[in-house]
Number of protein chains: 2
Amino acid sequence: MSRHPDRDQIRIESVLSALGSPVRLAVVRVLDAGGEHNCGSVLGLLGITAKSTMTHHWRVLRESGVIWQHPSGRENLLSLRRDDLDARYPGLLDAILAGADDDEALEKARRLMAVGGRDRSET
Amino acid sequence: MSRHPDRDQIRIESVLSALGSPVRLAVVRVLDAGGEHNCGSVLGLLGITAKSTMTHHWRVLRESGVIWQHPSGRENLLSLRRDDLDARYPGLLDAILAGADDDEALEKARRLMAVGGRDRSET
DNA sequence: TGCATTGTTCGGCAACTTTAGTACAGTCGA
DNA sequence: TCGACTGTACTAAAGTTGCCGAACAATGCA
């Protein structure tokens with residue numbers, strides 16, 4: 001069931017397209033913030049989504065080399081492959097995570113402006 | 001015909017999914033290496049592909065905020081939005097471009113090994 | 001003005017992605 | 001051993017992407 005690529009089998013295109021999805025980027029942010037998670041706990045933090053849907057996303061993240069996924073008891077623990085990603089692509093993950101935070105802050109600020117400052121240009 | 005996002009409308013997910021494609025990543029590497037290009041010159045460097053296919057890729061790169069595309073005479077000049085990307089996501093573009101170079105070098109080395117060193121594990 | 005050049009738009013097609021429902025397999029606790 | 005729990009496998013529908021040919025628009029040169 002596994003299929004994790006070795007460190008030197010990771011390709012940047014796969015990493016980028018894996019992270020170029022809102023759901024999967026959110027997963028990676030959760031994993032970066034916390035320690036160990038099982039599938040269900042991440043699923044809870046993201047709000048909705050069916051288990052089978054997430055199984056699909058786990059596979060994309062796993063096969064692109066972004067996460068480790070290993071069974072432990074009846075759970076399947078998830079963790080970021082930070083060491084491998086940092087080794088292959090120094091600064092990439094940090095830049096992406098910082099960028100995601102930045103986007104979120106910017107979005108939040110924009111919403112405040114829309115309420116307090118009379119939004120002028122949006123529909 | 002344009003539709004370029006403002007700097008603060010750029011979202012990291014769009015950038016990542018734009019660059020998570022071999023063709024578009026190659027385009028960005030070409031733009032990073034050289035100065036100004038028109039559509040045809042990049043198309044030539046990538047080998048094949050129909051013009052209309054590339055028009056599609058230009059749009060993805062343009063609308064995600066990765067490139068500028070502006071008409072000049074009968075050509076359409078392309079350039080990387082390096083300043084905007086660096087401002088929004090410091091280190092991201094450098095990490096990606098370095099990673100792409102690294103992947104390519106690794107791939108090249110692997111091919112040499114396969115010829116000289118008797119490849120053991122591949123199909 | 002006529003023609004070649006440059007790239008866009010449009011329509012269609014195949015392949016892939018995302019999502020979810022249902023059924024199932026492994027593990028832990030009672 | 002039985003049942004609850006965790007997650008995968010399989011299937012399928014809906015949407016998206018990538019690719020291309022043909023027609024079109026804009027420009028510049030002769």
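In what follows, chains carry the letters A, B, and so on, assigned in the order in which the sequence lines appear, proteins first and then strands, with residues in each chain numbered from 1. We use all heavy atoms of the structure for the numbers below, so side chains are in, but hydrogens, waters and symmetry mates are not.
- Between the CG atom of L77(B) and the C1' atom of dT6(C) there is a distance of 11 Å, rounded to whole Å.
- Here dT16(D) presents its P atom at 14 Å from CD of E63(B), a figure rounded to the nearest Å.
- Within a 6.0 Å radius of CZ in R7(A), other residues, nucleotides and ligands contribute more than 12 heavy atoms.
- Distance, H56(B) NE2 to dG12(C) P: 18 Å, rounded to whole Å.
- Looking at R88(A), its side chain does come within 3.5 Å of a backbone N or O of I10(A) through a donor-acceptor pair.
- Residue N76(B) has a polar side-chain atom (N or O) positioned under 4.0 Å from OP1 or OP2 of dT8(C).
- The CE atom of M54(B) sits 17 Å away from the C1' atom of dG21(D) (whole-angstrom rounding).
- Listed for the D103(B) side chain is a donor-acceptor partner under 3.5 Å among the backbone atoms of I12(A).
- Each of V60(B) and S52(B) lies near DNA chain D, and the nucleotide nearest V60(B) is the one positioned closer to the 5' end.
- For the pair Q69(A) and dT8(D), the criterion of a side-chain N or O lying under 4.0 Å from OP1 or OP2 is met.
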Query raised in the report: Step by step, would you call L46(A) with M54(A) a side-chain contact (heavy atoms from CB on, under 4.5 Å)?
Result: CA-CA 10 Å; L46(A) 296 183; M54(A) 291 316 287; 4.0 Å; yes

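- Each of dG18(D), dC20(D), dT8(C) was ranked by its minimum atom distance to the side chain of W58(B); first place goes to dT8(C).
- Within 4.0 Å (heavy atoms only), R24(A) reaches sugar-phosphate atoms of the nucleic acid but no base atom.
- The separation between R59(B) atom CZ and dG7(C) atom C1' is 13 Å, rounded to whole Å.
- Whole-Å rounding puts the K51(A) NZ to dT11(D) P distance at 19 Å.
- Closest to the T55(A) side chain, of the nucleotides dG7(D), dG18(D), dT8(C), is dG7(D).
- Separation of atoms CD (E63(A)) and CZ (R3(A)) is listed at 8.0 Å; rounding is to 0.5 Å.
- For R74(B), the listed nucleotide lying nearest its side chain is dG28(D); candidates were dG7(D), dG28(D), dT9(C).
- Comparing atom distances between the A50(A) side chain and each of dT19(C), dA20(C), dG7(D) picks out dA20(C) as nearest.
- Separating the CD atom of E75(B) from the P atom of dA25(D) is a distance of 21 Å, rounded to the nearest angstrom.
- With rounding to whole Å, N38(A) atom CG is found 14 Å from dT27(C) atom C1'.
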